[in-house]
Structures are given as C-alpha cells and as structure tokens.
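Note: hydrogens, waters and symmetry copies are ignored here, and every other heavy atom, side chains too, is used. Reminder, nothing fancy here: chain letters follow the sequence lines and each chain counts from 1.
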Amino acid sequence: MSRYYIGLSTSGHDPSFSIVNSDGQVIFAEATERFLQDKRAWGVMPDHIGHIESVLKPLIASDPRAEFLVATSWKSIKEELPVQISDALLPASLGEWIRRQQGYIQARAGNHCRMILGERLLGEVRHYDHHMCHAANALYSSPFSDGLCLVLDGEGEVGAASLFELSDSVLRRAWRSWGPGSLGALYGWLTELCGFSTRHGEEWKVMGLAAYGQADEKLVEEIKSIMQVDAGRLLLSDKDRIKTVVSALQRLARKPEDPILSQARLAMSAQQAYKELVDHILDDIKNQYPDACNLLLSGGCALNSLYNGGVKRQHGFGQVHAPSAPADDGNSLGAAILTWAEDNKTTQLPHGHLSPYLGSSIAATEIDAVVRYSGLTVTPLPEGSVDLIAHELAAGKVIGVARGRAEFGPRALGNRSILADPRAPEMKDRINGIIKGRESYRPFAPALPEELVQDWFDDAQPSPYMSFALPWKEEKRSLVPAVVHHDGTGRLQSVSAGVSPWFHSLLNAFGEITNAPVLLNTSFNVMGKPIIHSAHDAVSVLMSTDLDAILLDAHYIQKKR
Amino acid sequence: MKLEKEYIVSFILDRASELTKTSREQLFGDTPLASIGVDSLYAVLICGRLEDHFGIEIEPIVMFEYRTANEVADALLKMAQPV
C-alpha cells in the first residue's frame, strides 16, 4: 500500500497542488492557472475538481490501494485575526479582498480531494506555517543541505520575513518578523505607482523598466524611510512618516496618458531601495551567522532576479539557490513535503531533486487530433531529435515548444517555451510586438548550456530556473543582442544535460550551426494568459500570432504562410 | 531565557510603555492593555518582541484573546509547558 501526500497552496491567489510519494519525492506539482488558463486563478480552490481529478484518477488506477494525506500552506485563517497588517501601503480594499480570499480558500481547501478520494483520504486536512512551506519548497531543489534560508514575501502568518537555519536538511526557524513591515507589499505599491498592476503580478515590469532609468538618490532614501530593518526583522516606520512619504510619492504615480518610460526613474529608484533594504537584512544575517556559506532564497521576493544576481558576490555566500516556484504557487510543494515528514516522524526533509518539470504532459490524444485534423504541415521527428529544430531556429523561425512535462513555477524552461535566434536585434521587437503583444522595453531571457555560462557571463553561477540576472561579458553582448537587456544583463537559464537533456542538446546543436549556443527563451503564452497547458492552447497561439511553428512532443507543426 | 511570570509581565509592560508612551509606573499586571492604547498593531509588535526575547513560538491570537499582561503571561506559560 502506498501513501501519497497532497499539498494545497491556499493563499487565495496562485493556487496549486503538489503530490509527494511515500519516498518523499515530488511526483507532480502544477499551478491551477495552467489548467484553467486563467492567470493567477484568484479565488479558485487549489484542489479544483477538474484539475486534481485529471491527476488523481490515473494515479489511483495505477495504484489501487493508494491512500492520501492532504495539507494546506497556511496555519491560520488571516481574516480571523483582528489586525490588518498589510494595508499600510496597498489600498485597504485590496488587503481586505486578499484576506477574505485566503480565509475562504484556507477554510475549505481539501473538499474536492475528499470528494474524489473518499475513504482513501486519511484524517483531517493538516495545516503548515506559511513561511516554513516556502523554506521546505526551497530546500527540495537545493543543491546543499546546510546553510540559511531567507523568506521574504508580501505577508506570512505574522509578518513578511523569516530566517531559517538549515542543518543536514533539517530546517529550524531562527527568527521571524512580526507586523506590517513587508518588502512584498512595498514593491507591490511601487508597482502600482509605476502604472502596473500588482493583482496581475506585474512586478516583473518594474524590474524590466528599471534598466532604462537612473536611481534618484533622494527618492531612494524616501522610499527606504518607509521601512526599518532591525536585526534582519522588518518594521514599518511610524504612521506619520509613512503618511508623508506616501502622499509625496503618490504624486509621481503614472497617469494614463504618460508614456511607460516616463516611470523609468521611479522604477530604478524602487529597485534600488529594495536592493538597499534587502542588503541591510543580509548584512544583519551575516553578522548573526558570520560562517554561513550557503543561502536559500524563497518567498515571492525571491523572484527579483535583478537583485538575486548580485547576492552571491556582494554578500560572500558560496552558493545561492532559489526554487523554480518561490512564490505562493510553490508552497503546495512545501506543504506536501512537511506532511510527508510529519507522517514519517522525521524532521529531515527530502531534497536534491533539481528538475522543475513536475507538471502535466501534453495529452497524446490531443496531439493525434491536431496531426490528423488541423490541416497544418506536420513533420514527425525521431524521439529526442534536435537537428531540424536547431536549423529552423538558425534560419530565423520562431517556434513554440510544448514537450514533456510542464515546468513548475512562473518560468518556461524549455518545455513550454517560445524559442528563437537571439543574434538578430529585431527578433526582440518581433516577439514582443507580434507574438506576445507586450511592451517593447521588456527584455527576453537567454538559455545556454550550464558549462558555458562562464564564457558568456561575468559573476557566473548556476541559474537553472532563471532566478539570477547576471552581467553579460562585454565582448559577447553584440553577438546575441535580442537577449541583452538595456543594462547589459541577462536573466539566464543555465541548462544542464542531466536535468534537461533535450534542451541541452538543442542548444549545442544550435551553437554548432551559429557559433552561439544561446537561445532566446520566453514563456509559451500570449500577453495576459498563463503558459499554455494543452495542444489546443498551443495551436491557438500558433494560429493567432506571428509564430512560425510549434513542436508538440515529437511533431513539428508549421503554419502555411 | 527562563520563562517566569513576573518577568514576562514586566517585559510586556515595558514594551507597552515604550509603544504607547505611557509612564511605566502607571502600568500593572492587571491594567487592561487596550485602555492605555495598545491597539492590534502594537499587540502584534509586542508578540514579536516576546518571541525574540524568550525564544518561543507564539500564536498571534494570544495578544487578542487576553486583555492584560497577567493573562498573556499565563497563556504563554501554558503554551510553553511540555505536552
């Protein structure tokens, strides 16, 4: 008899579920937004009945005696606490709305699991500390088992920062901050000031825009003065100070008629203020743990790849790692692992599994239907073959790839990616404008074989999930202009042969043709939609954009031009 | 840090005095904290200081369910007892 552990992410936004097997290995993890094709899936149950049934039914069919435990990624229902700790910066209505979403989902998550699993579901739904879930998630994909884990997000159980000690894969909380000091909320507020939407998760756009502006020292100091860092803990400044700064900065908010680039100075100042505040936290942590060598970054703030890229060098860590899904979607994985550990009466958590390819496969029946009935030009390829695709990319084709299992987390890492040749400067505008429908200032990320990262980047370090933006070597920038951002950085994916053999081979094959083993890799979606989930989604993007072709597992499918 | 009721009460009142700028001499174990201006935000901040100082994990509801420093200290001592 096998026992499985289902983790549910119950924040009310970015729901997901993960399944861990009896060996403590994650066998499935996916955000609900993919299944529903509804970005961030606000207010949807993480065990959405159609989504979870699509995974549990085949699992039970293959393992008829399977039994299950279910856990959520929060310990408490936030709306039950008579305090609002996150609305000092964001509008009170937004804070209230988020709190209610969390309350509703946290109280009822697991209901759909129970419907499907019946007596296979053992006991009551369990609940785990939110930041501990972030930390357990980060540890699972970590290449090291000793060090520290810093969690920074919008809001945890009692505050928005926690530090964990990691020793032989055992996590122990060192401290957590209490109260409304939140870097996630601060960055969210600044995102709104720049004219973007934090509800839509557009913090990325601030990072992209920052490269076009100079930080204004006075503005940076003003933003920083909202928050105080005390021995690593985050505190808000006094109410009068916040009121003064907020009303002063509110005047800088982008008006609908202002061009986006008018906010570049504010974006860069916001990023710089964020950097200086996190630097302060890490300096305090280094004072507390002078010998700490390795650092895990988790929580939504760990998506700030522009900041992450400098942490290792600036703060003197040996290794820095962030998981593929550091934000709340990733917490289902943490909750699943923690319930596995509790059930197995161990505090030593499993880790070492680097693959982010934990989601759904493209259904073979759907691919067959496209091959038979679409009327598109279909070329079947030998399994694993890369040569044709490499040549097509080198010839300037833009190809949507949907093969193998989907990535867990917000980044497309070669299995649900749009790939293109980065050597042509105009490629960026073509993909931004005609395929993805997004703003021209936004950068594209490069993928390259991990063993070649040091030849192309300064401060080289592994970045398997695009968690770190690093500076390109000066002499390489002109070779791949479509993936060099305005500030000379690239948010790279370092691709290993062990984790992504097909993508690694493709990069090398492309490099043999072009002398540049680098591909532009962006998520396979159109603006406003999540990454594609089905063959139908892939064909829909092909037929409604300037995309040249798609690869559906081993079928290369071209549009007739 | 050893958990003793008198010390916990004194610690809570010290923090309450700092936050609300109320004279420490006017504060006692049975003073209703809300009456001197300990609102929900201050309560949260005091929880954080208690957690750091005494090295225990506190359920946030503690400061909202109990009205006085005496009651909070009793609740903390009960929580800290081995089950």
Side-chain angles (χ1 to χ4, degrees), chain A residues 74-89 92 95-96 99 102-103 127-132 155-165 171-182 185 227-240 242 284-285 288, chain B residues 1-3 7-23 31-69 71-73 75-80 82-83:
Chain A
W74 286 84
K75 211 168 170 182
S76 57
I77 294 174
K78 295 297 300 245
E79 64 178 343
E80 286 180 355
L81 287 181
V83 60
Q84 301 189 358
I85 65 171
S86 67
D87 61 1
L89 297 168
E96 188 61 28
R99 204 166 11 259
Q102 191 268 352
H127 307 291
Y128 293 97
D129 176 89
H130 188 66
H131 282 183
M132 188 56 139
E155 191 175 350
E157 305 278 347
V158 298
S162 289
L163 184 74
F164 295 86
E165 294 171 2
L171 283 164
R172 192 191 74 82
R173 194 198 309 277
W175 52 255
R176 58 181 174 175
S177 66
W178 284 67
S182 161
M227 210 76 78
Q228 290 168 16
V229 179
D230 178 19
R233 283 81 159 164
L234 284 163
L235 297 168
L236 270 191
S237 298
D238 68 69
K239 288 170 190 160
D240 293 340
I242 292 171
D284 286 356
I285 289 172
Q288 292 159 8
Chain B
M1 189 63 63
K2 199 166 171 233
L3 279 175
Y7 185 47
I8 299 172
V9 169
S10 165
F11 185 88
I12 293 169
L13 296 178
D14 286 349
R15 302 292 83 76
S17 159
E18 284 164 16
L19 288 166
T20 62
K21 303 189 173 49
T22 309
S23 158
T31 305
L33 294 169
S35 73
I36 57 157
V38 175
D39 61 11
S40 56
L41 176 58
Y42 288 162
V44 160
L45 296 176
I46 293 172
C47 276
R49 300 293 295 275
L50 281 165
E51 195 168 89
D52 275 349
H53 192 78
F54 292 99
I56 50 172
E57 239 176 63
I58 296 177
E59 293 295 331
I61 204 75
V62 163
M63 287 296 288
F64 304 113
E65 274 188 353
Y66 304 97
R67 294 176 314 115
T68 66
E71 288 175 14
V72 173
L76 291 187
L77 286 167
K78 208 171 157 192
M79 268 184 208
V83 181

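- Here the closest heavy-atom approach between residue B/Leu45 and residue A/Leu235 is recorded as CD2-CD2, 3.9 Å.
- Atom OH of B/Tyr66 has 12 or fewer neighbouring heavy atoms from other residues, nucleotides or ligands inside a 6.0 Å radius.
- Residues passing the side chain to side chain contact (heavy atoms under 4.5 Å, CB included) test with A/Asp240 are A/Asp238, sequence neighbours excluded.
- Taking chain A as the reference chain and counting heavy-atom pairs below 4.5 Å, the highest number among B/Arg49, B/Glu59, B/Glu57 is found for B/Glu57.
- Both the backbone and the side chain of B/Ile58 come within contact range of chain A, judged by heavy atoms closer than 4.5 Å.
- With sequence neighbours left out, A/His130 forms a ring pair (Phe, Tyr, Trp, His ring centres under 6.0 Å) with A/Trp74, A/His134.
- Of all non-hydrogen atoms in A/Lys239 and B/Asp39, the two that sit nearest each other are NZ-OD2, 3.6 Å.
- Pairing each heavy atom of B/Cys47 with each of A/Trp178, the nearest pair is CB-CZ3, 3.1 Å.
- Taking a 6.0 Å sphere around CZ of B/Arg67, one finds it holds 12 or fewer heavy atoms contributed by other residues, nucleotides or ligands.
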